[in-house]
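On a predicted model such as this, the values are computed, not experimentally measured, just so you know.
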Amino acid sequence: MSQGFDYDLVIIGAGVGGHGAALHAVSCGLKTAIIEAADMGGTCVNRGCIPSKALLAASGRVRELRDAHHLKTLGIQVAGVQFDRQAIADHANNLVAKIQGDLTNSLKRLGVDIIRGWGKIVGAQKVSIITESGEKTITAKDIILSPGSVPFVPPGIEVDGKTVFTSDQGVKLESLPNWVAIIGSGYIGLEFSDVYSALGCEITMIEALDQLMPGFDRDIAKLAERVLITPRDIETYVGIYAKRVIPGSPVVIELADFKTKEDVDVLEVDACLVATGRIPATQNLGLESVGVELDRRNFIPVNDTMAVLSGGEPVPHLWAIGDATGKMMLAHAASAQGIVAVENICGRHKEIDYLSIPAAAFTHPEVSYVGMTEVQAKEKATAGGFEIGVAKSYFKGNSKALAEGEADGMAKVIYRKDSGEVLGVHIFGMHASDLIHEASAAIANRQSVHALAYLVHAHPTLSEVLDEAYKRAVAL
């Protein structure tokens with residue numbers, strides 16, 4: 001126990017990042033407290049990854065059982081598939097309750113003090129907590145900030161939580177609108193389009209940028225659009241933004257050209273999901289009391305050890321992790337950052353390696369990636385004076401995918417031509433979210449396609465899609 005302090009470590013925010021940091025801190029022998037003003041488990045457990053995956057699992061089964069053509073090719077006939085919207089919503093809510101309970105119990109079991117209330121810094125190594133019974137101040141040798149993020153609602157869009165809503169309300173699946181507009185075609189918009197289209201809703205997807213799925217590698221995005229959007233009951237607007245959204249029955253959406261700002265159309269739909277990304281929840285944390293300024297997008301500035309920066313220099317004993325740092329807005333990235341922060345608190349220098357952190361969209365089929373897109377790799381190659389190579393392989397040539405009748409998909413490997421080092425891997429296809437981890441490990445270890453091409457994969461498995469891509473890279 002640190003001399004003269006109430007705790008070795010106090011963590012503000014009990015989302016997945018704060019939870020991961022607390023577990024690691026206890027394993028390192030630190031007396032730890034975690035402060036949470038809202039729901040234990042934060043966005044991921046309550047309003048993000050967990051309930052959305054439950055909805056995707058249920059709606060994905062409905063899609064599968066209603067795909068008569070696909071089932072017929074396997075020699076199966078199923079008639080009249082029905083579902084209960086409330087029961088699907090309950091499946092998601094029950095899962096949230098279970099995982100929230102598991103997370104809270106794991107902290108209690110390990111002796112982490114859970115303090116309910118609003119935590120903020122009130123000076124170096126000092127935190128105040130405003131609770132229902134008043135305010136109290138505690139001291140800690142080190143403090144980790146993990147306040148998370150909230151959905152971003154662009155100007156002109158009015159949210160009522162019923163007819164116009166964000167993913168926070170969307171995961172509750174309180175209704176299945178006949179016609180729903182989805183603003184944004186990133187992973188949140190894509191996953192919800194998957195759920196809604198499987199359960200029989202018509203969808204209009206509105207993307208302000210000039211191509212759908214703007215954050216994804218272009219080859220993958222084009223193939224995914226062909227499979228996830230074109231054959232489904234989804235119409236799309238690209239290069240168009242929602243200038244105004246007025247809740248009600250119907251919801252009125254005024255569309256304008258993103259570049260010229262000229263009015264284009266007015267839609268009247270039953271509901272509108274606003275999936276335009278997330279912004280950091282970094283107000284009222286007391287950062288000014290230790291001389292820290294947020295960056296221009298309100299993120300907390302940090303370095304790769306997760307130390308909070310003031311004027312470019314680390315602030316002693318103050319760390320930040322998760323969505324609020326603006327690095328990678330992913331639950332597992334927050335957890336990884338938390339472990340890195342604790343390692344540095346314990347005097348073991350460690351830096352986060354964002355390049356090897358994978359991401360996935362849990363559509364049917366899935367999209368996953370790790371490392372750089374081809375565009376990013378080309379920029380790095382130009383700056384570094386080397387050439388990149390690209391190798392692709394397709395699920396259509398994979399025995400397991402053909403056996404499943406799920407042959408839509410591809411894997412794309414981007415690598416340095418000189419050393420063979422893997423820079424990025426992108427997969428679209430069945431179980432892509434599971435397959436990506438082999439590539440993630442390869443990037444973490446800075447491995448070369450020349451070594452990876454000789455690894456042996458079980459046959460017949462979907463993992464051979466990556467095996468094939470590595471072998472093609474060596475043959476090129």
Discussion item. Quick one, D39 with Q100, criterion side-chain hydrogen bond (donor to acceptor under 3.5 Å, both in side chains). Give me CA distance, side-chain angles, the key distance, then yes/no.
Written reply: CA-CA 8 Å; D39 301 317; Q100 192 189 76; 4.5 Å; no

Practice prompt. In sequence, state the C-alpha distance, the side-chain angles, and the governing distance for Y415 and Q447, and then conclude on side-chain hydrogen bond (donor to acceptor under 3.5 Å, both in side chains).
Written response: CA-CA 10 Å; Y415 59 96; Q447 282 184 286; over 6 Å; no

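With sequence neighbours excluded, the residues forming a salt bridge (Lys or Arg N to Asp or Glu O under 4.0 Å) with D353 are R446, listed by chain and number.
Side-chain contact between H426 and T373: present, with at least one pair of heavy atoms (C-beta onward) separated by less than 4.5 Å. Side-chain contact between R85 and L199: absent, with no pair of heavy atoms (C-beta onward) separated by less than 4.5 Å. Side-chain atoms of V10 and I115, non-hydrogen and from C-beta on, never get closer than 4.5 Å to each other. Counting heavy atoms from C-beta on, the side chains of T32 and D8 never come closer than 4.5 Å. Between M410 and I220, the closest side-chain pair of non-hydrogen atoms falls below 4.5 Å. Using a 4.5 Å heavy-atom cutoff, the side chains of S27 and V342 are not in contact. Contact check for L107 versus L23: side-chain heavy atoms found under the 4.5 Å cut-off. Side-chain atoms of T305 and W319, non-hydrogen and from C-beta on, do get closer than 4.5 Å to each other.
Scanning both residues, V274 and F152, for their nearest heavy atoms gives CG1-O, 4.0 Å.
Between atom CE of residue M40 and atom NE2 of residue H19 there is a gap of 7.5 Å, rounded to the nearest 0.5 Å.
Within a 6.0 Å sphere centred on CD of Q86, other residues, nucleotides and ligands contribute more than 12 heavy atoms. No more than 12 heavy-atom neighbours from other residues, nucleotides or ligands sit within 6.0 angstrom of CZ on R297. More than 12 non-hydrogen atoms from other residues, nucleotides or ligands lie less than 6.0 angstrom from NZ of K53. More than 12 heavy atoms of other residues, nucleotides or ligands sit less than 6.0 Å from atom NZ of K412. Annotation for R218: atom CZ counts as buried by contact number, over 12 foreign heavy atoms lying within 6.0 Å.
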Ignoring hydrogens and angles, write down the donor-acceptor pairs under 3.5 Å from the side chains of residues 244-253, residues two or more places apart or on other chains.
none

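The side-chain hydrogen bond (donor to acceptor under 3.5 Å, both in side chains) analysis of residues 359-368, with sequence neighbours excluded, yields the pairs D194-H364, E366-S433.
The SG atoms of C346 and C28 lie 2.5 Å or more from each other.
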